[in-house]
Amino acid sequence: MSTMPQTNGSALSKTLYEKCWELAHNLWWCWHPDVVAMFRDLSPERWRQLDHNPIALLREFTPETLEARANEMVLESRINYAYRRLNQYLTTRPQWAAQNVGVLGSKPVAYFSLEFGIHESVPIYSGGLGILAGDHIKSASGLGTPLVAVGLFYDQGYFKQHLNSEGWQEEEYLRTNIDNLPMKPVMKDGERLIVKIETEHEAIYARVWQMEVGRVTLYLMDCDLPENNESDRCLTSRLYGGDNRMRIRQEMVVGIGGVRALHALGIHPGVFHLNEGHCAFATLEVVRSRMEEDGISFDEAVRQVAQATCFTTHTPVPAGHDRFSPELVGEHLSPLQRQLGIDFHQLMAMGRVNVHDQNESFCMTVLGLKLSRHANAVSCLHGIVSRRMWSSLWPTRPENEVPIGHITNGVHVQSWMAWQMQTLFDRYFDPNWMDSHWTAEPWKDIQKIDPAELWETHVSLKSLMMEFVQRRVERQAKRRGEKETIYLDPNALTIGFARRFATYKRATLLMRDWERLLKIMDSTDRPVQFIFAGKAHPADKPGKEFIQRIANLRKDPHFANKFVFVEDYDINVARHLVQGVDVWLNNPRRPLEASGTSGQKALLNGVLNCSVLDGWWAEAYDGTNGFAIGTGTSHVNDEIGDDRDAKSLMSVLENEVIPLYYHRDSDGLPHLWIQRMMNSLCTMAWRFSAQRMVADYVLHSYLPAAGGVTCDMNFRQ
Ligand SMILES: *Cc1c(COP(=O)(O)O)cnc(C)c1O
């Protein structure tokens with residue numbers, strides 16, 4: 001909770017300090033580069049040390065010292081301008097919403113997710129799923145879609161990653177200082193709102209925080225309060241930290257607790273959107289409350305709730321879905337089951353594919369699919385995979401009529417595109433291009449851009465990225481008690497690979513053919529360097545071994561300075577890498593990457609994707625806008641598939657990427673490469689914007705769910 005230090009400002013004219021304080025308390029600031037720069041300029045050194053947290057930074061000033069510093073740095077008009085724009089933003093309704101949101105206006109969407117990645121200073125996310133949720137709510141705010149979000153507040157978040165001298169990942173959990181987060185307690189009737197969630201034994205209590213993300217309010221449930229016993233107080237300490245029992249309790253808190261919190265606040269959503277199965281218990285609580293309030297039967301309530309529920313599945317492997325044993329379900333859901341007026345077998349059946357199989361566990365995805373009439377996967381290919389995977393739930397339908405459509409993921413453009421790129425486009429595009437950046441129209445002007453200018457912008461971003469990497473590597477070495485300086489070559493082709501180190505993502509695929517890799521790495525006239533980052537789940541030993549193999553290459557003379565591992569991948573590291581490398585490499589085992597989004601962030605900055613035709617890339621690649629690894633086939637045998645893809649990866653690097661990058665014209669510029677950058681921006685920057693994604697959700701999922709009309713559930717983009 002953040003209380004502002006006392007100031008002398010009168011109510012009429014706010015002091016600069018008060019304006020900064022308000023700006024820091026709406027995460028709107030984090031996707032406005034000029035506002036970020038304004039905070040940074042208050043004290044660049046401390047800004048970096050404080051993890052880009054403006055509240056922590058403001059605490060180091062008094063209103064007087066801030067005023068003095070603002071004078072010194074000529075910040076006054078920048079603060080006033082930012083403050084005015086925030087207020088304008090909050091008081092206007094975008095035209096798109098005025099024309100399109102219809103019935104959602106009076107009954108908002110409630111968006112549930114177990115994690116939200118909004119900014120590095122708010123550590124309540126681990127990876128892709130969380131970043132997607134953060135980008136979803138930022139974009140809903142941008143479009144003016146009426147939406148409230150519900151998640152959990154983790155006071156230790158996900159772990160901080162360090163590598164020891166042997167290259168082995170070590171995890172560190174830090175307690176977040178709540179005072180420095182942009183959130184405040186949710187109050188009701190003058191008291192803190194606390195919701196109670198019954199189990200068969202003791203109840204779980206959660207208090208509620210609220211955070212403002214532009215026009216969207218995010219409610220976060222937090223179990224660290226004295227009403228809970230010691231172990232339940234830690235329920236929401238860490239993301240993905242505990243066993244299955246902890247997990248089911250967390251999922252009850254976000255789903256059941258979340259619905260109760262909204263209800264207590266008088267928020268009556270017209271649509272419930274479940275981001276992955278984790279939150280699917282929400283549906284059962286909504287059923288319960290409809291039965292109680294409207295006096296309708298269980299079956300009728302289920303019908304109504306399913307009609308109003310949208311469910312997004314993200315996981316293309318059966319093992320990746322949450323499953324709970326009948327014992328755990330009994331211990332946790334029996335009170336709710338009795339209130340629903342059903343028996344235990346009926347409850348279990350809602351989470352079972354085969355409702356008669358007493359041994360089948362309770363699957364959250366099955367619950368999500370059964371309790372929603374609007375289900376979608378997150379890319380076209382993932383839609384096909386999901387329909388096949390869940391076809392047994394609809395035994396009478398042919399596979400291609402299984403009611404799971406797809407809406408391809410996108411990224412929040414203002415958060416991921418470097419301001420230098422935005423400024424470049426400002427000069428060549430229509431002045432209001434950002435308002436319609438998620439349509440093809442503004443990008444038609446891409447060919448007007450002077451290739452030399454696009455290249456210079458890229459090169460300057462590349463050197464900023466390299467400075468960042470060099471600084472981080474030195475800091476990492478210092479922590480290990482070593483002295484390591486690296487020399488990245490500003491002219492070398494620089495390839496980035498940053499993602500979770502799940503083994504299916506095959507971070508070490510490059511290293512399958514050592515001879516061929518050495519030949520690439522030893523070239524002096526066409527140098528290549530790789531920058532890696534990513535965390536392995538604490539329990540994932542093979543993932544950690546991948547990290548170790550890559551990190552230890554720094555000790556090999558062939559690879560020193562050319563294979564660099566940046567520790568503690570987070571939004572900040574991701575932002576630097578996707579803005580500054582030349583190529584973004586992605587080589588998962590097809591079709592296991594449901595969508596992937598990091599390559600979308602990269603393309604916004606003129607970075608070329610080199611990727612297996614999986615997830616979003618399978619529908620994005622057109623032969624001119626990047627590079628493809630493999631031919632778009634899925635292999636049944638992992639060994640054979642890995643071999644083929646490794647060969648294809650090497651060939652693409654040797655025959656396409658490296659020659660194209662080093663092909664310079666008489667003016668010294670790689671014109672063919674720059675043309676590909678333009679093709680990439682022009683064909684994809686708008687399609688893979690999260691604003692396009694949220695607009696698709698509104699039109700194809702939310703409105704049909706809210707309107708109560710029967711629609712074609714098997715919608716396609
Ligand atoms: C974008 C992002 C991800 C997701 O990337 P994928 O391409 O889906 O692997 C994970 N972590 C961070 C920090 C990100 O910014």
Side-chain angles (χ1 to χ4, degrees), residues 30-31 51-52 113 115-136 138-139 157-161 239-240 275-276 312 314-316 320 377-379 381-382 408-418 465 468 472 496-507 509 531-537 543 546 566-581 583-605 607 609-612 614-618 620 626 684 688-690 693:
C30 80
W31 68 88
D51 280 334
H52 308 158
S113 177
E115 45 173 312
F116 286 89
I118 301 161
H119 185 257
E120 57 267 28
S121 62
V122 186
I124 53 170
Y125 66 94
S126 75
L129 183 80
I131 313 273
L132 179 80
D135 282 1
H136 191 104
K138 288 173 183 174
S139 303
Y158 202 48
F159 66 91
K160 292 229 147 243
Q161 177 197 51
L239 202 44
Y240 308 133
N275 187 39
E276 189 53 297
T312 302
H314 293 262
T315 316
V378 291
S379 72
L381 179 61
H382 180 228
T408 304
N409 285 345
V411 295
H412 186 246
V413 171
Q414 291 96 322
S415 293
W416 295 106
M417 185 187 280
M465 181 274 298
F468 170 80
R472 289 289 289 247
F497 182 103
R499 43 185 45 84
R500 264 183 321 118
F501 268 62
T503 46
Y504 81 84
K505 297 194 185 232
R506 300 188 296 192
L509 192 68
I531 300 175
F532 285 85
K535 295 174 178 176
H537 186 276
F546 277 18
V566 181
E567 294 174 12
D568 204 32
Y569 185 45
D570 69 351
I571 291 179
N572 182 38
V573 175
R575 195 188 303 110
H576 281 91
L577 298 187
V578 300
Q579 293 178 356
V581 297
V583 171
W584 195 253
L585 178 64
N586 179 38
N587 47 32
R589 220 171 252 153
R590 192 181 193 269
L592 299 188
E593 193 67 86
S595 167
T597 52
S598 56
Q600 302 172 346
K601 303 165 191 166
L603 83 86
L604 294 174
N605 294 288
V607 174
N609 278 276
C610 176
S611 172
V612 166
D614 194 11
W616 75 283
W617 192 239
M684 300 186 289
F688 300 103
S689 157
M693 169 183 80

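Residues: numbered from 1 along the sequence shown. Read the numbers this way: they start at 1 and go in the same order the structure lists the ligands and their atoms. Only a predicted model underlies this, so the values are computations on that prediction, with no experimental measurement involved.
- Two residues are said to be in side-chain contact when any heavy atoms from C-beta on lie closer than 4.5 Å; Asn605 and Met417 meet this criterion.
- Side chains of Trp416 and Val578 form a contact here, defined as non-hydrogen atoms less than 4.5 Å apart.
- Counting heavy atoms from C-beta outward, His537 and Tyr158 have side chains that approach closer than 4.5 Å.
- For Asp568, the salt bridge (charged side-chain N to carboxylate O under 4.0 Å, His left out) partners at least two apart in sequence or on another chain are Lys160, Lys535.
- Contacts of ligand 1 (protein heavy-atom distance under 4.0 Å) are Gly127, Gly128, Ile131, Trp416, Arg499, Lys505, Tyr569, Asp570, Ile571, Ala574, Gly596, Thr597, Ser598, Lys601.
- At a threshold of 4.5 Å between non-hydrogen side-chain atoms, the residues Ser379 and Glu593 do not count as touching.
- In the model, Glu120 has a side-chain atom that pairs as donor or acceptor with a side-chain atom of His52 under 3.5 Å.
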